[in-house]
There are 2 protein chains.
Amino acid sequence: MPNARETKELILDTAEKLFSEKGVDGVSLRSLTAAAGVNIAAAHYHFGSKEEVAKAVFARRIRPVNRERIQLLDTYQEHGQPSVEELLTAFFAPALRLAREPQRGYDFMRLCARFYSEPAEYLESTFREEFSQVLSRFHEAFQRALPELGEEEVGLRLHFAIGVMVHTLLNPTRTCLPRLGPQASDSDKATLDAMVRFVAAGMRSAPAAQFPAGAVAALSAHAEVAQ
Amino acid sequence: MPNARETKELILDTAEKLFSEKGVDGVSLRSLTAAAGVNIAAAHYHFGSKEEVAKAVFARRIRPVNRERIQLLDTYQEHGQPSVEELLTAFFAPALRLAREPQRGYDFMRLCARFYSEPAEYLESTFREEFSQVLSRFHEAFQRALPELGEEEVGLRLHFAIGVMVHTLLNPTRTCLPRLGPQASDSDKATLDAMVRFVAAGMRSAPAAQFPAGAVAALSAHAEVAQ
DNA sequence: CATGGATTCAATCAAACGTTTGAATTAATC
DNA sequence: GATTAATTCAAACGTTTGATTGAATCCATG
(Lines give C-alpha, C1' and ligand atoms only; values in the text may rest on other atoms or scores of the structure.)
Protein backbone atom coordinates (compact mmCIF):
# COMPACT_ATOMS: atom_id res chain seq x y z
CA MET A 1 0.00 0.00 0.00
CA PRO A 2 2.25 2.82 -1.17
CA ASN A 3 1.46 6.33 0.06
CA ALA A 4 -2.27 5.78 0.44
CA ARG A 5 -2.71 8.87 2.55
CA GLU A 6 -0.81 11.05 0.12
CA THR A 7 -2.84 9.91 -2.85
CA LYS A 8 -6.17 10.55 -1.22
CA GLU A 9 -5.26 14.03 -0.07
CA LEU A 10 -3.52 14.78 -3.33
CA ILE A 11 -6.79 14.12 -5.07
CA LEU A 12 -8.73 16.30 -2.64
CA ASP A 13 -6.25 19.15 -2.87
CA THR A 14 -6.19 19.07 -6.64
CA ALA A 15 -9.97 18.77 -6.81
CA GLU A 16 -10.34 21.79 -4.57
CA LYS A 17 -8.19 23.85 -6.87
CA LEU A 18 -9.65 22.69 -10.18
CA PHE A 19 -13.30 22.51 -9.11
CA SER A 20 -13.13 26.02 -7.77
CA GLU A 21 -11.75 27.30 -11.05
CA LYS A 22 -13.86 25.42 -13.56
CA GLY A 23 -16.74 24.09 -11.50
CA VAL A 24 -17.31 20.45 -10.67
CA ASP A 25 -18.99 19.85 -13.98
CA GLY A 26 -16.21 21.58 -15.87
CA VAL A 27 -13.45 19.27 -14.67
CA SER A 28 -13.18 15.70 -15.86
CA LEU A 29 -11.95 13.02 -13.55
CA ARG A 30 -9.20 12.37 -16.05
CA SER A 31 -7.82 15.88 -16.06
CA LEU A 32 -8.19 15.98 -12.30
CA THR A 33 -6.22 12.80 -11.66
CA ALA A 34 -3.70 13.73 -14.32
CA ALA A 35 -3.09 17.06 -12.61
CA ALA A 36 -2.74 15.27 -9.29
CA GLY A 37 -0.31 12.82 -10.82
CA VAL A 38 -2.32 9.76 -9.83
CA ASN A 39 -4.09 7.08 -11.78
CA ILE A 40 -7.74 7.53 -12.68
CA ALA A 41 -8.66 4.32 -10.95
CA ALA A 42 -7.22 5.66 -7.71
CA ALA A 43 -10.04 8.17 -7.50
CA HIS A 44 -12.60 5.41 -7.82
CA TYR A 45 -10.70 3.23 -5.43
CA HIS A 46 -10.60 5.83 -2.68
CA PHE A 47 -13.90 7.61 -3.23
CA GLY A 48 -16.10 5.40 -5.38
CA SER A 49 -17.24 8.06 -7.85
CA LYS A 50 -16.68 11.61 -8.98
CA GLU A 51 -19.72 12.66 -7.00
CA GLU A 52 -18.17 11.37 -3.81
CA VAL A 53 -14.93 13.18 -4.56
CA ALA A 54 -16.88 16.41 -4.80
CA LYS A 55 -18.78 15.75 -1.60
CA ALA A 56 -15.57 14.87 0.24
CA VAL A 57 -13.66 17.94 -0.86
CA PHE A 58 -16.59 20.07 0.20
CA ALA A 59 -17.23 18.44 3.57
CA ARG A 60 -13.56 18.45 4.49
CA ARG A 61 -13.47 22.20 4.88
CA ILE A 62 -17.05 23.41 5.34
CA ARG A 63 -17.58 21.51 8.56
CA PRO A 64 -14.89 23.31 10.58
CA VAL A 65 -16.20 26.62 9.22
CA ASN A 66 -19.79 25.94 10.17
CA ARG A 67 -18.68 24.59 13.54
CA GLU A 68 -16.82 27.82 14.17
CA ARG A 69 -19.83 29.87 13.08
CA ILE A 70 -21.96 28.19 15.68
CA GLN A 71 -19.28 28.51 18.36
CA LEU A 72 -18.95 32.23 17.63
CA LEU A 73 -22.71 32.57 17.78
CA ASP A 74 -22.72 30.74 21.11
CA THR A 75 -19.98 33.01 22.43
CA TYR A 76 -21.86 36.15 21.43
CA GLN A 77 -25.11 34.85 22.85
CA GLU A 78 -23.54 34.15 26.22
CA HIS A 79 -23.28 37.90 26.74
CA GLY A 80 -26.92 38.62 25.94
CA GLN A 81 -28.63 39.31 22.65
CA PRO A 82 -25.99 39.85 19.94
CA SER A 83 -26.26 42.89 17.69
CA VAL A 84 -26.92 42.54 13.98
CA GLU A 85 -23.28 43.38 13.32
CA GLU A 86 -22.15 40.68 15.70
CA LEU A 87 -24.40 38.11 14.08
CA LEU A 88 -23.14 39.04 10.65
CA THR A 89 -19.57 38.89 11.83
CA ALA A 90 -20.13 35.48 13.37
CA PHE A 91 -21.46 34.33 10.04
CA PHE A 92 -19.06 36.00 7.63
CA ALA A 93 -15.78 35.99 9.54
CA PRO A 94 -15.07 32.25 9.67
CA ALA A 95 -15.61 32.04 5.93
CA LEU A 96 -13.38 34.98 5.19
CA ARG A 97 -10.75 33.77 7.59
CA LEU A 98 -10.59 30.48 5.76
CA ALA A 99 -10.51 32.36 2.48
CA ARG A 100 -7.46 34.18 3.75
CA GLU A 101 -5.50 31.03 4.49
CA PRO A 102 -2.27 31.11 2.52
CA GLN A 103 -2.40 27.71 0.90
CA ARG A 104 -5.76 26.85 -0.57
CA GLY A 105 -8.24 28.71 1.56
CA TYR A 106 -9.55 30.87 -1.18
CA ASP A 107 -9.89 28.02 -3.64
CA PHE A 108 -12.27 26.36 -1.27
CA MET A 109 -14.42 29.42 -0.73
CA ARG A 110 -14.96 29.67 -4.43
CA LEU A 111 -15.75 25.98 -4.54
CA CYS A 112 -18.25 26.54 -1.79
CA ALA A 113 -20.02 29.20 -3.81
CA ARG A 114 -19.96 26.92 -6.84
CA PHE A 115 -21.67 24.21 -4.85
CA TYR A 116 -24.37 26.69 -4.19
CA SER A 117 -24.85 27.80 -7.77
CA GLU A 118 -24.15 24.76 -9.93
CA PRO A 119 -27.32 23.15 -11.13
CA ALA A 120 -26.43 19.52 -10.38
CA GLU A 121 -28.90 18.14 -7.91
CA TYR A 122 -26.45 16.30 -5.68
CA LEU A 123 -24.40 19.47 -5.17
CA GLU A 124 -27.52 21.29 -4.11
CA SER A 125 -28.59 18.64 -1.64
CA THR A 126 -25.08 18.29 -0.24
CA PHE A 127 -24.99 22.01 0.32
CA ARG A 128 -28.36 21.96 2.00
CA GLU A 129 -27.34 19.15 4.33
CA GLU A 130 -24.15 20.87 5.42
CA PHE A 131 -25.82 24.22 6.02
CA SER A 132 -29.26 23.49 7.39
CA GLN A 133 -28.23 23.64 11.04
CA VAL A 134 -26.18 26.82 10.73
CA LEU A 135 -28.82 28.66 8.78
CA SER A 136 -31.53 27.59 11.14
CA ARG A 137 -29.59 28.87 14.13
CA PHE A 138 -28.79 32.20 12.51
CA HIS A 139 -32.30 32.69 11.20
CA GLU A 140 -33.57 32.30 14.73
CA ALA A 141 -30.90 34.65 16.11
CA PHE A 142 -31.65 37.35 13.55
CA GLN A 143 -35.33 37.01 14.30
CA ARG A 144 -34.60 37.83 17.94
CA ALA A 145 -32.25 40.67 17.01
CA LEU A 146 -34.91 42.20 14.76
CA PRO A 147 -38.17 41.54 16.63
CA GLU A 148 -40.02 44.29 14.77
CA LEU A 149 -39.71 42.31 11.54
CA GLY A 150 -41.86 39.34 10.64
CA GLU A 151 -40.29 35.92 10.35
CA GLU A 152 -40.77 35.94 6.59
CA GLU A 153 -39.13 39.34 6.24
CA VAL A 154 -36.12 38.17 8.25
CA GLY A 155 -35.82 35.07 6.06
CA LEU A 156 -35.98 37.22 2.95
CA ARG A 157 -33.29 39.57 4.20
CA LEU A 158 -31.05 36.74 5.31
CA HIS A 159 -31.43 35.42 1.79
CA PHE A 160 -30.25 38.77 0.44
CA ALA A 161 -27.31 38.72 2.87
CA ILE A 162 -26.22 35.30 1.67
CA GLY A 163 -26.45 36.59 -1.87
CA VAL A 164 -23.96 39.32 -1.06
CA MET A 165 -21.54 36.85 0.45
CA VAL A 166 -21.80 34.20 -2.23
CA HIS A 167 -21.43 36.79 -4.95
CA THR A 168 -18.48 38.44 -3.27
CA LEU A 169 -16.68 35.16 -2.64
CA LEU A 170 -17.37 33.98 -6.16
CA ASN A 171 -16.21 37.17 -7.85
CA PRO A 172 -13.37 38.43 -5.72
CA THR A 173 -11.76 40.88 -8.11
CA ARG A 174 -12.83 40.46 -11.68
CA THR A 175 -16.35 41.56 -12.47
CA CYS A 176 -18.32 42.87 -15.39
CA LEU A 177 -16.78 46.27 -14.97
CA PRO A 178 -13.09 46.84 -14.26
CA ARG A 179 -13.56 49.01 -11.20
CA LEU A 180 -16.58 47.22 -9.77
CA GLY A 181 -16.35 44.99 -6.74
CA PRO A 182 -13.39 44.42 -4.44
CA GLN A 183 -10.11 45.51 -5.97
CA ALA A 184 -6.98 43.43 -5.87
CA SER A 185 -5.50 45.90 -3.44
CA ASP A 186 -8.36 45.52 -0.94
CA SER A 187 -7.62 43.42 2.08
CA ASP A 188 -10.06 40.73 3.13
CA LYS A 189 -10.62 42.57 6.36
CA ALA A 190 -11.63 45.70 4.51
CA THR A 191 -13.97 43.69 2.32
CA LEU A 192 -15.54 42.02 5.35
CA ASP A 193 -15.88 45.39 6.96
CA ALA A 194 -17.65 46.86 3.95
CA MET A 195 -19.83 43.79 3.60
CA VAL A 196 -20.91 43.78 7.24
CA ARG A 197 -21.79 47.45 7.13
CA PHE A 198 -23.70 47.09 3.89
CA VAL A 199 -25.67 44.06 5.00
CA ALA A 200 -26.28 45.32 8.53
CA ALA A 201 -27.86 48.47 7.13
CA GLY A 202 -30.02 46.33 4.88
CA MET A 203 -31.09 44.04 7.68
CA ARG A 204 -32.03 47.04 9.80
CA SER A 205 -33.87 48.99 7.11
CA ALA A 206 -37.43 50.11 7.77
CA PRO A 207 -39.94 47.31 7.34
CA ALA A 208 -42.58 49.57 5.75
CA ALA A 209 -42.32 50.53 2.10
CA GLN A 210 -41.07 53.99 1.20
CA PHE A 211 -41.39 53.36 -2.49
CA PRO A 212 -40.19 55.98 -4.95
CA ALA A 213 -42.76 57.57 -7.20
CA GLY A 214 -41.83 55.81 -10.41
CA ALA A 215 -41.43 52.31 -9.05
CA VAL A 216 -44.92 51.00 -9.56
CA ALA A 217 -45.11 52.56 -12.99
CA ALA A 218 -41.76 51.03 -13.88
CA LEU A 219 -43.06 47.60 -13.01
CA SER A 220 -46.16 48.01 -15.12
CA ALA A 221 -45.91 47.53 -18.85
CA HIS A 222 -45.63 51.21 -19.72
CA ALA A 223 -45.25 52.18 -23.34
CA GLU A 224 -43.55 55.54 -22.94
CA VAL A 225 -40.30 54.20 -21.50
CA ALA A 226 -40.25 50.49 -22.11
CA GLN A 227 -39.94 49.43 -25.68
CA MET B 1 -37.04 25.65 -47.02
CA PRO B 2 -39.71 24.64 -44.56
CA ASN B 3 -40.44 26.84 -41.56
CA ALA B 4 -36.96 28.23 -41.11
CA ARG B 5 -38.15 30.96 -38.75
CA GLU B 6 -40.03 28.52 -36.58
CA THR B 7 -37.08 26.16 -36.24
CA LYS B 8 -34.67 28.89 -35.22
CA GLU B 9 -36.97 30.34 -32.59
CA LEU B 10 -37.98 26.90 -31.42
CA ILE B 11 -34.35 26.23 -30.66
CA LEU B 12 -33.97 29.53 -28.85
CA ASP B 13 -37.13 29.06 -26.82
CA THR B 14 -36.20 25.55 -25.81
CA ALA B 15 -32.63 26.57 -25.04
CA GLU B 16 -33.89 29.36 -22.82
CA LYS B 17 -35.95 26.91 -20.83
CA LEU B 18 -33.40 24.12 -20.55
CA PHE B 19 -30.30 26.27 -20.07
CA SER B 20 -32.01 28.15 -17.27
CA GLU B 21 -32.83 24.90 -15.49
CA LYS B 22 -29.64 22.92 -15.95
CA GLY B 23 -27.11 25.51 -17.01
CA VAL B 24 -25.55 25.77 -20.44
CA ASP B 25 -22.99 23.16 -19.59
CA GLY B 26 -25.60 20.83 -18.18
CA VAL B 27 -27.63 20.58 -21.37
CA SER B 28 -26.36 18.67 -24.37
CA LEU B 29 -27.14 19.89 -27.84
CA ARG B 30 -28.72 16.53 -28.43
CA SER B 31 -31.21 16.75 -25.59
CA LEU B 32 -31.88 20.36 -26.48
CA THR B 33 -32.75 19.68 -30.10
CA ALA B 34 -34.66 16.57 -29.12
CA ALA B 35 -36.79 18.60 -26.71
CA ALA B 36 -37.34 21.21 -29.41
CA GLY B 37 -38.35 18.52 -31.88
CA VAL B 38 -35.77 19.52 -34.45
CA ASN B 39 -32.78 17.76 -35.91
CA ILE B 40 -29.49 18.22 -34.17
CA ALA B 41 -27.87 19.44 -37.36
CA ALA B 42 -30.39 22.26 -37.54
CA ALA B 43 -28.76 23.89 -34.53
CA HIS B 44 -25.42 23.94 -36.30
CA TYR B 45 -26.99 25.05 -39.53
CA HIS B 46 -28.66 28.08 -37.97
CA PHE B 47 -26.13 29.01 -35.29
CA GLY B 48 -22.83 27.32 -36.11
CA SER B 49 -22.11 25.94 -32.67
CA LYS B 50 -23.53 25.40 -29.21
CA GLU B 51 -21.64 28.46 -28.01
CA GLU B 52 -23.42 30.62 -30.54
CA VAL B 53 -26.79 29.21 -29.52
CA ALA B 54 -26.07 30.27 -25.95
CA LYS B 55 -24.95 33.74 -26.98
CA ALA B 56 -28.03 34.19 -29.18
CA VAL B 57 -30.54 33.13 -26.55
CA PHE B 58 -28.87 35.51 -24.12
CA ALA B 59 -28.61 38.54 -26.40
CA ARG B 60 -32.18 38.15 -27.64
CA ARG B 61 -33.63 39.19 -24.30
CA ILE B 62 -30.94 41.03 -22.37
CA ARG B 63 -30.66 43.84 -24.90
CA PRO B 64 -34.22 45.13 -24.52
CA VAL B 65 -33.83 44.94 -20.74
CA ASN B 66 -30.60 46.91 -20.67
CA ARG B 67 -32.04 49.38 -23.18
CA GLU B 68 -34.97 49.94 -20.87
CA ARG B 69 -32.68 50.34 -17.88
CA ILE B 70 -30.87 53.14 -19.60
CA GLN B 71 -34.09 54.76 -20.77
CA LEU B 72 -35.46 54.68 -17.23
CA LEU B 73 -32.22 56.18 -15.97
CA ASP B 74 -32.44 58.91 -18.59
CA THR B 75 -36.04 59.62 -17.60
CA TYR B 76 -35.16 59.92 -13.92
CA GLN B 77 -32.14 62.07 -14.66
CA GLU B 78 -34.22 64.52 -16.68
CA HIS B 79 -35.86 65.61 -13.42
CA GLY B 80 -32.61 66.22 -11.59
CA GLN B 81 -30.44 63.90 -9.53
CA PRO B 82 -32.29 60.59 -8.98
CA SER B 83 -32.49 59.18 -5.47
CA VAL B 84 -30.81 55.92 -4.56
CA GLU B 85 -34.21 54.22 -4.57
CA GLU B 86 -34.95 55.56 -8.04
CA LEU B 87 -31.61 54.33 -9.35
CA LEU B 88 -32.17 50.90 -7.86
CA THR B 89 -35.66 50.78 -9.28
CA ALA B 90 -34.39 51.75 -12.70
CA PHE B 91 -31.91 48.91 -12.46
CA PHE B 92 -34.05 46.20 -10.89
CA ALA B 93 -37.52 46.86 -12.31
CA PRO B 94 -36.89 46.03 -15.99
CA ALA B 95 -35.38 42.73 -14.98
CA LEU B 96 -38.20 41.85 -12.64
CA ARG B 97 -40.80 42.98 -15.16
CA LEU B 98 -39.32 40.60 -17.69
CA ALA B 99 -39.20 37.91 -15.03
CA ARG B 100 -42.92 38.41 -14.54
CA GLU B 101 -43.77 37.84 -18.19
CA PRO B 102 -46.18 34.93 -18.40
CA GLN B 103 -44.49 32.84 -21.02
CA ARG B 104 -40.75 32.51 -20.54
CA GLY B 105 -39.70 35.64 -18.76
CA TYR B 106 -38.58 33.94 -15.64
CA ASP B 107 -36.67 31.24 -17.48
CA PHE B 108 -34.57 33.91 -19.04
CA MET B 109 -33.79 35.70 -15.81
CA ARG B 110 -32.44 32.51 -14.38
CA LEU B 111 -30.44 31.97 -17.54
CA CYS B 112 -29.08 35.45 -17.14
CA ALA B 113 -27.86 34.67 -13.65
CA ARG B 114 -26.37 31.41 -14.89
CA PHE B 115 -24.40 33.31 -17.51
CA TYR B 116 -22.97 35.29 -14.70
CA SER B 117 -22.00 32.35 -12.54
CA GLU B 118 -21.03 29.55 -14.90
CA PRO B 119 -17.31 29.20 -15.23
CA ALA B 120 -17.07 28.93 -19.03
CA GLU B 121 -15.01 31.81 -20.35
CA TYR B 122 -17.19 32.69 -23.33
CA LEU B 123 -20.24 33.07 -21.08
CA GLU B 124 -18.32 35.42 -18.87
CA SER B 125 -17.09 37.56 -21.73
CA THR B 126 -20.50 37.62 -23.38
CA PHE B 127 -22.00 38.81 -20.13
CA ARG B 128 -19.37 41.49 -19.77
CA GLU B 129 -19.95 42.76 -23.28
CA GLU B 130 -23.69 43.02 -22.86
CA PHE B 131 -23.49 44.78 -19.49
CA SER B 132 -20.49 47.08 -19.66
CA GLN B 133 -22.43 50.12 -20.84
CA VAL B 134 -25.29 49.75 -18.37
CA LEU B 135 -23.02 49.18 -15.39
CA SER B 136 -20.82 52.07 -16.34
CA ARG B 137 -23.81 54.42 -16.52
CA PHE B 138 -25.23 53.27 -13.19
CA HIS B 139 -21.87 53.34 -11.46
CA GLU B 140 -21.53 56.95 -12.47
CA ALA B 141 -25.09 57.76 -11.40
CA PHE B 142 -24.65 56.14 -7.98
CA GLN B 143 -21.41 58.02 -7.54
CA ARG B 144 -23.31 61.29 -8.00
CA ALA B 145 -26.14 60.16 -5.73
CA LEU B 146 -23.67 59.26 -3.00
CA PRO B 147 -20.99 61.95 -3.26
CA GLU B 148 -19.78 61.36 0.29
CA LEU B 149 -18.53 57.89 -0.74
CA GLY B 150 -15.36 57.25 -2.67
CA GLU B 151 -15.55 55.83 -6.15
CA GLU B 152 -14.13 52.53 -4.94
CA GLU B 153 -16.66 52.26 -2.16
CA VAL B 154 -19.52 52.88 -4.59
CA GLY B 155 -18.17 50.19 -6.89
CA LEU B 156 -17.94 47.77 -4.01
CA ARG B 157 -21.48 48.46 -2.88
CA LEU B 158 -22.85 48.20 -6.40
CA HIS B 159 -21.15 44.84 -6.53
CA PHE B 160 -22.99 43.82 -3.37
CA ALA B 161 -26.25 45.06 -4.86
CA ILE B 162 -25.78 42.96 -7.97
CA GLY B 163 -25.09 40.01 -5.72
CA VAL B 164 -28.46 40.43 -4.09
CA MET B 165 -30.21 40.57 -7.42
CA VAL B 166 -28.39 37.66 -9.04
CA HIS B 167 -28.89 35.52 -5.98
CA THR B 168 -32.57 36.40 -5.74
CA LEU B 169 -33.23 35.76 -9.40
CA LEU B 170 -31.31 32.51 -9.30
CA ASN B 171 -33.01 31.17 -6.18
CA PRO B 172 -36.56 32.43 -6.41
CA THR B 173 -38.20 30.15 -3.87
CA ARG B 174 -36.16 27.11 -2.98
CA THR B 175 -33.12 27.70 -0.81
CA CYS B 176 -31.03 25.90 1.74
CA LEU B 177 -33.65 26.44 4.36
CA PRO B 178 -37.36 25.96 3.76
CA ARG B 179 -38.46 29.35 4.99
CA LEU B 180 -35.50 31.32 3.67
CA GLY B 181 -35.76 33.67 0.72
CA PRO B 182 -38.87 34.73 -1.21
CA GLN B 183 -41.78 32.42 -0.61
CA ALA B 184 -43.95 31.05 -3.38
CA SER B 185 -46.77 33.29 -2.17
CA ASP B 186 -44.71 36.48 -2.50
CA SER B 187 -45.45 38.64 -5.50
CA ASP B 188 -42.64 39.94 -7.63
CA LYS B 189 -43.59 43.44 -6.67
CA ALA B 190 -43.24 42.62 -2.99
CA THR B 191 -39.86 41.01 -3.63
CA LEU B 192 -38.69 44.04 -5.62
CA ASP B 193 -39.93 46.25 -2.84
CA ALA B 194 -38.02 44.34 -0.19
CA MET B 195 -34.94 44.17 -2.36
CA VAL B 196 -34.90 47.89 -3.10
CA ARG B 197 -35.31 48.76 0.58
CA PHE B 198 -32.61 46.34 1.64
CA VAL B 199 -30.10 47.47 -0.95
CA ALA B 200 -30.90 51.16 -0.60
CA ALA B 201 -30.14 50.98 3.09
CA GLY B 202 -26.88 49.22 2.32
CA MET B 203 -25.88 51.76 -0.32
CA ARG B 204 -26.59 54.59 2.10
CA SER B 205 -24.87 53.08 5.13
CA ALA B 206 -22.22 55.09 6.93
CA PRO B 207 -18.87 55.01 5.11
CA ALA B 208 -16.85 54.82 8.32
CA ALA B 209 -16.44 51.54 10.15
CA GLN B 210 -18.46 50.89 13.29
CA PHE B 211 -17.00 47.48 13.80
CA PRO B 212 -18.33 45.30 16.61
CA ALA B 213 -15.92 44.40 19.36
CA GLY B 214 -15.30 40.79 18.39
CA ALA B 215 -14.90 41.25 14.68
CA VAL B 216 -11.16 41.73 14.48
CA ALA B 217 -10.59 38.92 16.94
CA ALA B 218 -12.89 36.70 14.94
CA LEU B 219 -10.80 37.29 11.85
CA SER B 220 -7.56 36.48 13.60
CA ALA B 221 -6.65 32.87 14.16
CA HIS B 222 -7.93 32.66 17.71
CA ALA B 223 -7.67 29.40 19.51
CA GLU B 224 -10.42 29.81 22.07
CA VAL B 225 -13.27 29.81 19.59
CA ALA B 226 -11.95 28.48 16.33
CA GLN B 227 -11.01 24.86 16.31
C1' DC C 1 11.35 -14.83 3.39
C1' DA C 2 6.77 -15.95 2.38
C1' DT C 3 1.82 -14.49 2.81
C1' DG C 4 -1.93 -11.49 2.02
C1' DG C 5 -4.44 -7.39 2.04
C1' DA C 6 -3.87 -2.66 0.33
C1' DT C 7 -2.87 0.06 -3.45
C1' DT C 8 -1.49 1.31 -8.20
C1' DC C 9 -1.37 0.63 -12.98
C1' DA C 10 -2.34 0.18 -18.10
C1' DA C 11 -5.98 -1.13 -20.76
C1' DT C 12 -10.62 -1.22 -21.89
C1' DC C 13 -15.73 -0.44 -21.65
C1' DA C 14 -20.14 1.61 -23.15
C1' DA C 15 -22.26 5.92 -23.33
C1' DA C 16 -22.52 10.66 -24.41
C1' DC C 17 -20.50 14.64 -26.32
C1' DG C 18 -20.20 18.47 -30.29
C1' DT C 19 -19.64 18.39 -34.99
C1' DT C 20 -19.73 17.01 -39.90
C1' DT C 21 -21.41 14.84 -43.93
C1' DG C 22 -24.12 14.02 -48.06
C1' DA C 23 -28.39 12.85 -49.56
C1' DA C 24 -33.39 14.04 -49.29
C1' DT C 25 -36.91 17.51 -49.07
C1' DT C 26 -39.11 21.97 -49.56
C1' DA C 27 -40.30 26.35 -51.71
C1' DA C 28 -39.46 29.94 -54.67
C1' DT C 29 -37.48 31.50 -59.54
C1' DC C 30 -36.90 31.14 -64.30
C1' DG D 1 -41.55 21.82 -65.41
C1' DA D 2 -36.58 22.32 -64.75
C1' DT D 3 -33.18 24.90 -61.79
C1' DT D 4 -31.56 26.61 -57.73
C1' DA D 5 -30.92 27.74 -53.01
C1' DA D 6 -32.53 26.95 -48.36
C1' DT D 7 -33.56 23.74 -45.06
C1' DT D 8 -34.08 19.16 -42.88
C1' DC D 9 -32.67 14.59 -42.07
C1' DA D 10 -30.40 10.07 -40.65
C1' DA D 11 -26.02 8.50 -40.04
C1' DA D 12 -21.54 8.64 -38.77
C1' DC D 13 -17.24 11.11 -37.32
C1' DG D 14 -13.55 11.28 -33.68
C1' DT D 15 -13.11 12.58 -28.93
C1' DT D 16 -14.06 12.61 -24.16
C1' DT D 17 -16.65 11.15 -20.38
C1' DG D 18 -17.11 8.18 -15.75
C1' DA D 19 -16.43 3.65 -14.63
C1' DT D 20 -14.35 -1.13 -14.52
C1' DT D 21 -11.18 -4.81 -14.95
C1' DG D 22 -7.34 -7.89 -13.78
C1' DA D 23 -2.67 -8.10 -13.43
C1' DA D 24 1.25 -5.94 -11.09
C1' DT D 25 3.32 -3.74 -7.11
C1' DC D 26 3.91 -2.44 -2.46
C1' DC D 27 4.50 -3.14 2.55
C1' DA D 28 3.30 -4.82 7.12
C1' DT D 29 2.95 -8.98 9.29
C1' DG D 30 3.91 -13.79 10.60
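Just so it is clear, the values below take in all heavy atoms, side chains as well, and ignore hydrogens, waters and symmetry mates. Below, chain A is the first sequence line, B the second, and so on; all start at residue 1.
- Listed pair B:S49 / C:dG18 fails the phosphate criterion, with no side-chain N or O lying under 4.0 Å from OP1 or OP2.
- In this structure, the CG atom of B:L10 is 15 Å from the C1' atom of D:dT7, given to the nearest Å.
- Taking side-chain N and O atoms only, B:H46 has a distance below 4.0 Å to OP1 or OP2 of D:dT8.
- Put simply, CD on B:E6 is 11 Å from P on C:dA27, counting in whole angstrom units.
- Contact annotation for A:V53: no contact, since no heavy-atom pair falls under 4.0 Å across all strands.
- When the C1' atom of C:dA16 is taken as reference, atom CZ of A:R30 falls 13 Å away, rounded to whole Å.
- Results of the side chain to side chain contact (heavy atoms under 4.5 Å, CB included) test with B:F91 over B:L135, B:V199, B:V196 single out B:L135 as the only residue that passes.
- Relative to the side chain of B:H44, the nucleotides C:dT20, D:dT7, D:dA19 differ in distance, and C:dT20 lies closest.
- The aromatic rings of A:F142 and A:F138 are tilted relative to each other, their planes meeting at an angle between 30° and 60°.
- Rounded to whole Å, atom C1' of D:dT7 lies 16 Å from atom CD1 of B:I40.
- A close approach under 4.0 Å does not occur between any side-chain nitrogen or oxygen of B:N39 and OP1 or OP2 of D:dT7.
- Residues satisfying the salt bridge (Lys or Arg N to Asp or Glu O under 4.0 Å) test with B:K22, not counting sequence neighbours, are none.
- At whole-Å resolution of the value, CD1 in A:I11 and P in C:dT7 are 12 Å apart.
- Under the ring-ring contact (aromatic ring centres under 6.0 Å, His included) criterion, B:F115 pairs with B:F58, sequence neighbours left out.
- Spacing between atom NZ of B:K8 and atom C1' of D:dA6 amounts to 13 Å, rounded to whole angstrom units.
- Just one of A:L29, A:V53, A:V57 meets the side chain to side chain contact (heavy atoms under 4.5 Å, CB included) condition when paired with A:I11; it is A:V53.
- Each end of the helix from C:dC1-D:dG30 to C:dC30-D:dG1 gets its own rotation axis from five pairs of C1' atoms, and the angle between them is 10° to the nearest 10 degrees.
- The two residues B:F47 and B:A56 make their nearest non-hydrogen contact at CE2-CB, 3.8 Å.
- The side chain of B:A41 lies closest to C:dT20, out of D:dA19, C:dT20, D:dT7.
- Separating the NZ atom of B:K22 from the P atom of C:dA16 is a distance of 15 Å, rounded to the nearest angstrom.
- By the 4.0 Å N-to-carboxylate-O rule, B:R63 lies too far from B:E68 to be salt-bridged with it.
- Taking 4.0 angstrom as the limit, A:S28 places none of its side-chain polar atoms (N or O) nearer than this to OP1 or OP2 of D:dT16.
- For the pair A:L29 CG and D:dT16 P, the interatomic distance rounds to 16 Å; values are reported in whole Å.
- Listed candidates were D:dA19, C:dT7, C:dG18. Nearest to the side chain of B:K50 is C:dG18.
- Between B:T7 and D:dT8 there is a side-chain polar atom (N or O) within less than 4.0 angstrom of OP1 or OP2.
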